[in-house]
Each structure stands twice: as C-alpha cells, then as structure tokens.
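Okay, so here's the structure we're looking at.
All values below come from the heavy atoms of this structure, side chains included, with hydrogens, waters and symmetry mates left out. Predicted model only: the values in this text are computed from it and were never measured. Note on naming: letters A, B, ... go to the chains in the order of the sequence lines (proteins, then strands), and numbering restarts at 1 for each one.
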There are 2 protein chains.
Amino acid sequence: MIRLEKPIGSRFDKQNKGGRPFRPVPSNGICTRLGDKWTVPVIWHLSVASGQRLRFSALKNEIEGITQRMLTLTLRNLERDGLVVRHYFPEVPPRVEYELTDMGAGILSALEGVNFWITDNLAHVEQCRRAYDDSEQRTVKTCSVET
Amino acid sequence: MIRLEKPIGSRFDKQNKGGRPFRPVPSNGICTRLGDKWTVPVIWHLSVASGQRLRFSALKNEIEGITQRMLTLTLRNLERDGLVVRHYFPEVPPRVEYELTDMGAGILSALEGVNFWITDNLAHVEQCRRAYDDSEQRTVKTCSVET
DNA sequence: CCGGATCCTAACCGATACTG
DNA sequence: CAGTATCGGTTAGGATCCGG
C-alpha cells in the first residue's frame, strides 16, 4: 500500500517522524484510503442511488455498524481527496448532504474487478483456510517437504 | 472491508471477543488481506517472473523496506489463503521457495482496474488535497453553504 | 442533526535477539 | 537461510460526552 500521507483524524496528523515513503511497485497503487475500514462501504452506498445525494443520517443508518465518528472521518477524507462533495445547509436543525464526484464514482468501476475476484474465489479461499488450520502446519516440521 | 477473521500473527490470534462480523455490501468484498501493508508488493514480486519460484531471501531483498518478520507473516497468510505455495527443502542451510497459485495470480489482474484508476487520478487527488488543506476548511463555518 | 473532543483498546508493524 | 519469540511504539477505530 502506498502511504500517501497523513489522513485527517490521525494523531499522526500532528507530526510525522520517520515517515519512510515506501517505493510503489507498479501494481501497488492501492491508495491507503481504500484500505480504511469504511471507505468502500461509504462510496458504495453513495453510488447506489447514483447521482442522488445522501444525508449524513441516511448514510449512518444504512451502513451497518459504522459509528458517527468514523462516518465523519471517512467522509472528511473522501471530501479532501475530491471523491465526495459535501453540501451544507445551515438550517435548524442542520442538514448535510453528500454526493459522489465523477472521480469518486470511477473508483467503484475500478473496484469491480476485485469484487468479481472475491465473489469467485471467496469460497475456495475459506476452504483453503480451513484445510490449513486443520493440518495446523504452523511448525516447519509438518510442512510438505520436497527433495 | 470484510473482516473475514483473524489473520495469522495477530494477538487477536489467541482470542476474539466481540468479533462483530460486518455485513458485506455487494462491492465491498475487498478482503482484509489486500489491505495489509505488504500483501500486494509480495504478490506483485512473485508474479513478475511468472511461474518462477522465489526464495525467501530473494523476496526480502527485492521488496524494499520489508522486515523478515513481516515477510514471513505475509507469506504465511497468503499460503493459508491458498494464494501462495511454499516449497520447503530441508537442506543445510535450508532453502524455501514461494510460488503464486493460479488463484493468487488472478488477484493481480483483478487489481489492474484499481491500479489504472490510481495512476489516472492520483495527480488530481493530490491537487484536491492541497486545495482542501490550503483553504483549511476544517470548521463548518468556512464550508461552502447552499440554500 | 451533524460532528468535534477525548479517552481507551486492539492490533499492525518495526526492531531486535535467538534457533535449527 | 529461514524462520520464531518478544517487546514496544504508533495508530485505527469504538464509546462517550458535549456543542451549535
């Protein structure tokens, strides 16, 4: 993963000491943002009703398990990256709507390949895991040996 | 990100208390493994000389910045997932070679879309970030307001 | 309703030392 | 050479409280 730089919301926001930048290998350009726990769910939900805007609370209700804090942080980072637009209406009570930019929508199609791979292979991966865990080949001794 | 379950090498390896499993949205199937820091670099290097096996030390030398520990952990997890095969030769000194499985090789092509997106949009993202940071719109007050 | 501030925990990951 | 074990820093992310 490329460590592009400090995201909003990290204490690493204040000071970055030994930020070794990590040489990106060609196919390694998966932005750190995508590795964040809630980024993909948020983008996904924003894109479902494509072109539509979603209120903060709507997102919070639809994305199961996300906390207010993490939704705010995720949206802030996406906004900063230019993937999401924030529309603020200074009413009482306040209303805020979020909308995917074109660039943000583009990520999803980019992710399709990954998604297909996962759905195609998830069952097999899980089977491999069970097999590995069962044979408990944690120690070198029990590994398959060749000559 | 799907939290499939505990990876090898986490202390969470011992006991998982409240492992809330996270409902995957359709396009959310990006395995946690891909979010790990070294997974993509390792797969990438294994695929470069496609079909070839690579020794542990070869990988360690080629992947800049990776530590012995993290390479071991990453390879173990990939092996467990069935993405990598480990060939162990009990010589002295020992020799171990790693090889991508077909399934493992498939991930890279799945990642191509993401990689293209990144290379196409990275510059723009960084520009958005600079703009955002400059205008320092951390407070709601300075946000764009609509009526 | 939206989100900032704070505290707390888990766990990723680096550094280092030690083995067959 | 290819690991394993251990320690510790740093960070992601959850819970909670508060404010406009």
Side-chain angles (χ1 to χ4, degrees), chain A residues 1 3 5-20 22 32-33 35-39 41 54-61 63 65-77 79 86-98 137-143 145, chain B residues 1 3 5-20 22 32-33 35-39 41 54-61 65-77 79 86-98 137-141 143 145:
Chain A
M1 310 283 284
R3 293 285 167 191
E5 43 46 88
K6 60 196 177 71
I8 295 174
S10 64
R11 298 172 197 166
F12 171 65
D13 204 359
K14 308 178 177 177
Q15 187 191 1
N16 176 10
K17 285 197 291 190
R20 150 208 49 70
F22 193 101
T32 312
R33 195 73 57 250
D36 290 346
K37 186 172 178 181
W38 298 106
T39 298
L54 285 182
R55 299 191 60 166
F56 184 88
S57 48
L59 278 169
K60 180 159 182 343
N61 291 333
I63 302 176
I66 197 169
T67 61
Q68 208 169 38
R69 172 183 145 83
M70 290 321 293
L71 180 55
T72 302
L73 251 46
T74 306
L75 286 167
R76 241 3 124 258
N77 277 304
E79 185 194 4
R86 178 187 139 113
H87 303 278
Y88 173 65
F89 303 89
E91 311 163 356
V92 273
R95 180 163 54 100
V96 181
E97 294 174 353
Y98 292 93
Q137 50 181 214
R138 298 285 172 82
T139 55
V140 178
K141 305 177 189 69
T142 59
C143 287
V145 168
Chain B
M1 311 282 286
R3 292 285 168 190
E5 41 48 87
K6 61 196 177 70
I8 294 175
S10 64
R11 295 173 195 166
F12 171 63
D13 202 356
K14 305 179 180 178
Q15 188 191 1
N16 177 11
K17 286 196 288 191
R20 152 206 49 69
F22 193 101
T32 311
R33 196 71 58 250
D36 290 345
K37 186 171 179 182
W38 298 107
T39 297
L54 285 182
R55 299 192 59 166
F56 183 90
S57 48
L59 279 168
K60 180 160 183 344
N61 291 332
I66 197 170
T67 59
Q68 207 171 37
R69 172 184 145 82
M70 289 320 293
L71 180 54
T72 302
L73 252 46
T74 305
L75 287 167
R76 243 2 126 257
N77 277 304
E79 185 194 2
R86 179 187 137 114
H87 303 278
Y88 175 65
F89 303 89
E91 311 164 354
V92 275
R95 179 161 56 99
V96 181
E97 294 175 353
Y98 291 93
Q137 50 180 215
R138 296 286 172 83
T139 57
V140 178
K141 304 178 189 66
C143 287
V145 169

request  = Could you check whether B:Gln68 gets within reach of a base, just the sugar-phosphate, or nothing at all, counting any heavy atom under 4.0 Å?
outcome  = base
task = Determine whether any donor atom in the side chain of A:Arg69 lies under 3.5 Å from an acceptor atom in the base of C:dG4, or the reverse, and answer yes or no.
result = no
query = Mind checking whether A:Leu73 and A:Asp36 have side chains closer than 4.5 Å, heavy atoms only?
reply = no
query = Under 4.0 Å between a side-chain N or O of A:Arg55 and OP1 or OP2 of C:dC2?
reply = yes
note = Rounded to whole Å, CG of B:Leu73 lies from P of C:dC13 at a distance of 9 Å
task = Ignoring the backbone of B:Asp36, work out which of C:dC2, D:dG3, C:dC13 is nearest its side chain.
result = C:dC13
ask   = Given C:dG4, is OP1 or OP2 found less than 4.0 Å from the side-chain N or O atoms of A:Arg76?
value = yes
remark   = Applying side-chain contact (heavy atoms from CB on, under 4.5 Å) to A:Ser57 and not counting sequence neighbours gives A:Arg55
Single hit among B:Arg86, B:Gln68, B:Arg95 for side chain to side chain contact (heavy atoms under 4.5 Å, CB included) with B:Phe56 = B:Gln68
task = Please tell me which of the listed nucleotides, D:dG14, D:dC1, D:dG20, lies nearest to the side chain of A:Pro94?
result = D:dG20
message = Is the shortest side-chain heavy-atom distance between A:Tyr88 and A:Val96 below 4.5 Å?
response = yes
request  = Quickly work out the B:Met70 CE to C:dA11 P distance and round it to whole Å.
outcome  = 14 Å
request  = Measure from CD1 on B:Ile66 to P on C:dC13 and round the result to the nearest Å.
outcome  = 10 Å
request  = Starting at atom CD of B:Glu97, determine the distance to atom C1' of D:dG3, rounded to an integer number of angstrom.
outcome  = 16 Å
request  = Would you indicate, yes or no, if C:dC1 has its OP1 or OP2 atom less than 4.0 angstrom from a side-chain nitrogen or oxygen of A:Ser57?
outcome  = no
inquiry  = Rounded to whole Å, please give me the gap between CZ in B:Arg95 and C1' in D:dG3.
reply    = 16 Å
ask   = Of the nucleotides D:dG3, C:dG4, D:dC1, which has the atom closest to the B:Arg86 side chain?
value = D:dG3
key: Between P of D:dG3 and CG of B:Asn77, the distance in whole Å   = 14 Å
inquiry  = What is the separation between atom CG on B:Leu75 and atom P on D:dC1, rounded to the nearest whole Å?
reply    = 16 Å
remark   = Looking only at D:dG3, D:dC1, C:dA15, the nucleotide nearest the B:Thr67 side chain is C:dA15
message = OP1 or OP2 of D:dG3 versus the side-chain N and O atoms of B:Tyr98: is any pair under 4.0 Å?
response = yes
remark   = Shortest non-hydrogen pair, B:Lys60 vs B:Leu71, comes out as N-CD2, 3.6 Å
query = Taking only side-chain nitrogens and oxygens of B:Lys60, does any of them come within less than 4.0 Å of OP1 or OP2 of D:dC1?
reply = no
ask   = Rounded to whole angstrom units, what separation is found between the CG atom of A:Leu71 and the C1' atom of C:dC2?
value = 10 Å
